[in-house]
Amino acid sequence: MASETDQISANAGARPEELPPVKPPSAGFIVQLFLIPALIVMAIVAVWALFGKLADSDNDWKQLATELGSSNEHRRWRAAEGLAQLLRNEQLAPPKDDQGLATNPVVIESLTKMLSESLASTTITDADIPHQEFLARTLAILDDDKKTLPVLAEGMKDSQNIEVRKSSLMAVASIAGRHFDRVTGYSDAIARKEPVPPLSERNLPLTSPTISDAAVLEQLRRSAQDSSPVVRQLAGFALGNVSGPESLAQLKVMLNDGNRQAQANAAVGLARNGSNECVPALIRLLKESMKPLVYQPEPDATPQDAQQAEARYQIEESQIARNCLKAVEELWPQIGADERTELRSVIGQIKDEFFSPNVRQQAGELLKSIE
C-alpha cells in the first residue's frame, strides 16, 4: 500500500491535462455573489432612512399644522397628508410619555377647520373630492367628538358628493365603534389580553347612544332611508355602533331593506347589541347566500361582464355569510331551541356546499363550537 507521502508526491506530479478545466464564472453566479447582497444592503439602508425620516417628521408636526393654513393649496394638502401619517403611526405605536396627536387641540382644530371650509366651498372641483374623502377618514382617528362630529355631519349630507358621504359615514362608524367597545368592556379585555366577555356580560342593550351629536344622529336616520344602497349599508353598520333605543329601532326596520348587504349590516348590528330579533333575518340571509347568481345581461353585455358579475356576487355573498355566521356565534347562548335547530341545519349545509372554502371552514368551526 502506498504511503501518504507517496500519494501526495504522485498528485503533485500529475500532468496539467489531468486537472479539471477552469471555467469562467457564469452571469448567474456573479449576480448571486455580488448583486443580490448589494440589493439587500440597499433595501436595509432605505428602510432605515425611511424610519429616520418618520422619526424626524414626528418633531415637525407643529410645522405641518402651520402649513395647513398656507395659501398654497399643494402645501396645505401635503401638510394634511403628513399629519395623517403621523396619526396612523401613533395608532400602531401609541406614545407613552407625550400627549398623542389624536387629542392635540392644535392638530384637531387645524384638520377639522380644513375639512369644514372645503365642504362649505361653492367652487368644489373634481380634484377636491379625494381631499375631502381623505380628511373625513382622518377625522376618524381624532379623539374630540365636539370638534369632529359636527364636521362629519356636514360631510354626510345628501348635498355632498357620494364618496365624501361614504367616507364621513365610515368615520362616524369608527368613532362610535371605539366608544361602543369602551362602554361594553371589549376594549378593557383586549388591553388586559383577556378573553372578550360574552354578550350577556356587556350591559346590553345600551340605554343611550355612544355618540350624542344631534346633527350626526339625524343624518344617520336619513342615510338609513337613502336612495343609494351603499349609503344605507354604511348607515346600518354605523347604527350598530351608535346603539341606543332609537338606533336599534332603525336597524329593525332595515331588516326588510331592499338591499341584502343593508339587511345583513342591520342584522349584525342588532346581534352586536344582543338583540334576538335579528335571528330570523340571519337564518334567511344564510340560506339565500347559497343560491346561485341570477344574471340578467344587458343587450350589449360581453362574457367578461358575466364573469365580473359572478365574481362580485361571490365576494358579496361570502362577506354576508361570514358576518352572519359570526353574529350567530355571539348570539348562540340566547337563541331559542327551535331557531337553534334550523340554524344547525343551514350551517351544516354551508359547511358542505358553500362555494368559498373559507366560509365552509368557518361554518365547520362554528358547528363544532355550538355542539
Side-chain angles (χ1 to χ4, degrees), residues 57-91 99-179 210-223 226 228 230-231 234-235 237-238 241-242:
S57 66
D58 190 43
N59 298 321
D60 296 335
W61 69 264
K62 292 182 180 179
Q63 179 64 30
L64 292 172
T66 300
E67 289 184 356
L68 289 180
S70 170
S71 59
N72 185 305
E73 180 181 3
H74 297 293
R75 289 183 65 184
R76 286 203 310 273
W77 287 112
R78 281 199 301 269
E81 291 171 357
L83 278 175
Q85 182 61 55
L86 293 180
L87 286 163
R88 286 192 289 268
N89 291 343
E90 286 191 354
Q91 282 187 312
Q99 181 189 38
L101 294 180
T103 58
N104 186 292
V106 175
V107 173
I108 294 169
E109 178 65 27
S110 300
L111 290 172
T112 53
K113 180 181 179 182
M114 190 175 186
L115 178 56
S116 179
E117 291 177 350
S118 181
L119 293 172
S121 174
T122 57
T123 57
I124 297 175
T125 66
D126 290 342
D128 294 326
I129 301 304
H131 293 158
Q132 293 178 353
E133 292 180 68
F134 171 80
L135 282 173
R137 291 193 297 268
T138 302
L139 260 58
I141 307 175
L142 303 180
D143 193 10
D144 189 339
D145 288 7
K146 291 183 179 180
K147 290 287 187 180
T148 58
L149 291 179
V151 181
L152 291 172
E154 288 296 317
M156 293 164 63
K157 289 183 176 179
D158 58 10
S159 57
Q160 304 292 349
N161 178 274
I162 183 67
E163 299 301 325
V164 177
R165 297 178 68 195
K166 288 160 57 178
S167 294
S168 299
L169 277 163
M170 287 188 286
V172 168
S174 179
I175 293 170
R178 287 202 305 269
H179 297 331
T210 57
I211 59 176
S212 56
D213 187 277
V216 168
L217 295 176
E218 173 61 19
Q219 290 304 319
L220 279 175
R221 184 188 67 79
R222 296 187 179 190
S223 297
D226 197 82
S228 169
V230 70
V231 170
L234 292 172
F237 176 63
N241 288 337
V242 170

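Sequence positions, counted from 1, serve as the residue numbers for this chain.
- Between R165 and I162 the shortest side-chain heavy-atom distance falls below 4.5 Å.
- Of the candidates S121, S118, S167, Q132 forms a side-chain hydrogen bond (donor to acceptor under 3.5 Å, both in side chains) with just one, namely S118.
- Under a 3.5 Å cut-off, the side chain of D128 and the backbone N or O of T125 do form a donor-acceptor pair.
- Counting heavy atoms from C-beta outward, N89 and Q85 have side chains that approach closer than 4.5 Å.
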E163 vs K166, salt bridge (Lys or Arg N to Asp or Glu O under 4.0 Å): CA-CA, chis, key distance, verdict: CA-CA 5 Å; E163 299 301 325; K166 288 160 57 178; 3.2 Å; yes

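- No hydrogens or angles considered: nothing links the side chains of S223 and D226 as a donor-acceptor pair under 3.5 Å.
- Under the 4.5 Å side-chain criterion, counting only non-hydrogen atoms from C-beta, I175 is not in contact with V172.
- The shortest side-chain heavy-atom distance between L220 and L169 falls under the 4.5 Å cut-off.
- Residue K157 comes nearest to Q219 through the heavy atom pair CA-OE1, 3.6 Å, listed as atom of the first residue, atom of the second, then distance.
- Between the NZ atom in K147 and the CG atom in L152 there is a gap of 13.5 Å [rounded to 0.5 Å].
- Pairing each heavy atom of G82 with each of L64, the nearest pair is C-CD1, 3.8 Å.
- A distance-only check finds no donor-acceptor pair linking the side chain of R88 to the backbone of I141 [under 3.5 Å].
- In terms of the side chain to side chain donor-acceptor pair (under 3.5 Å) criterion, residue partners of R75 (sequence neighbours excluded) are, by chain and number, E67.
- In this structure the side chain of D145 never reaches within 4.5 angstrom of the side chain of D213, judged on heavy atoms.
- Salt bridge status for R221 with E218: present, with a side-chain N to carboxylate O gap under 4.0 Å.
- Nearest heavy-atom pair, L135 versus A80, reported as atom, atom and distance to 0.1 Å: CD2-CB, 4.3 Å.
- The two residues A102 and I108 have their closest heavy-atom pair at O-CD1, 3.4 Å.
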side-chain contact (heavy atoms from CB on, under 4.5 Å) assessment of L115 paired with T138: CA-CA 10 Å; L115 178 56; T138 302; over 6 Å; no

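- Between L149 atom CG and L217 atom CG the span is 9.0 Å, to the nearest 0.5 Å.
- Side chain of S168 to backbone of V164: a donor-acceptor contact under 3.5 angstrom is found.
- No side-chain heavy atom of T210 sits less than 4.5 Å from a side-chain heavy atom of R178.
- Looking only at side-chain heavy atoms (C-beta outward), L86 and V107 stay at 4.5 Å or farther from each other.
- The CD1 atom of I129 sits 4.0 Å away from the CG atom of N161 when rounded to the nearest 0.5 Å.
- Minimum heavy-atom separation, A153 to A215: CB-CB, 3.7 Å.
- If you take CE on M114 and CG on L139, they are separated by 11.5 Å, rounding to the nearest 0.5 Å.
- Residues meeting the ring-ring contact (aromatic ring centres under 6.0 Å, His included) test with H179, sequence neighbours left out: none.
- Without hydrogens or angle criteria, E154 side chain to L119 main chain gives no donor-acceptor distance under 3.5 Å.
- Counting only heavy atoms from C-beta outward, the side chains of D144 and T112 never approach each other to under 4.5 Å.
- A side-chain donor-acceptor contact under 3.5 Å links S110 to the backbone of V106.
- M156 CE to M170 CE: the interatomic distance, rounded to the nearest 0.5 Å, is 12.0 Å.
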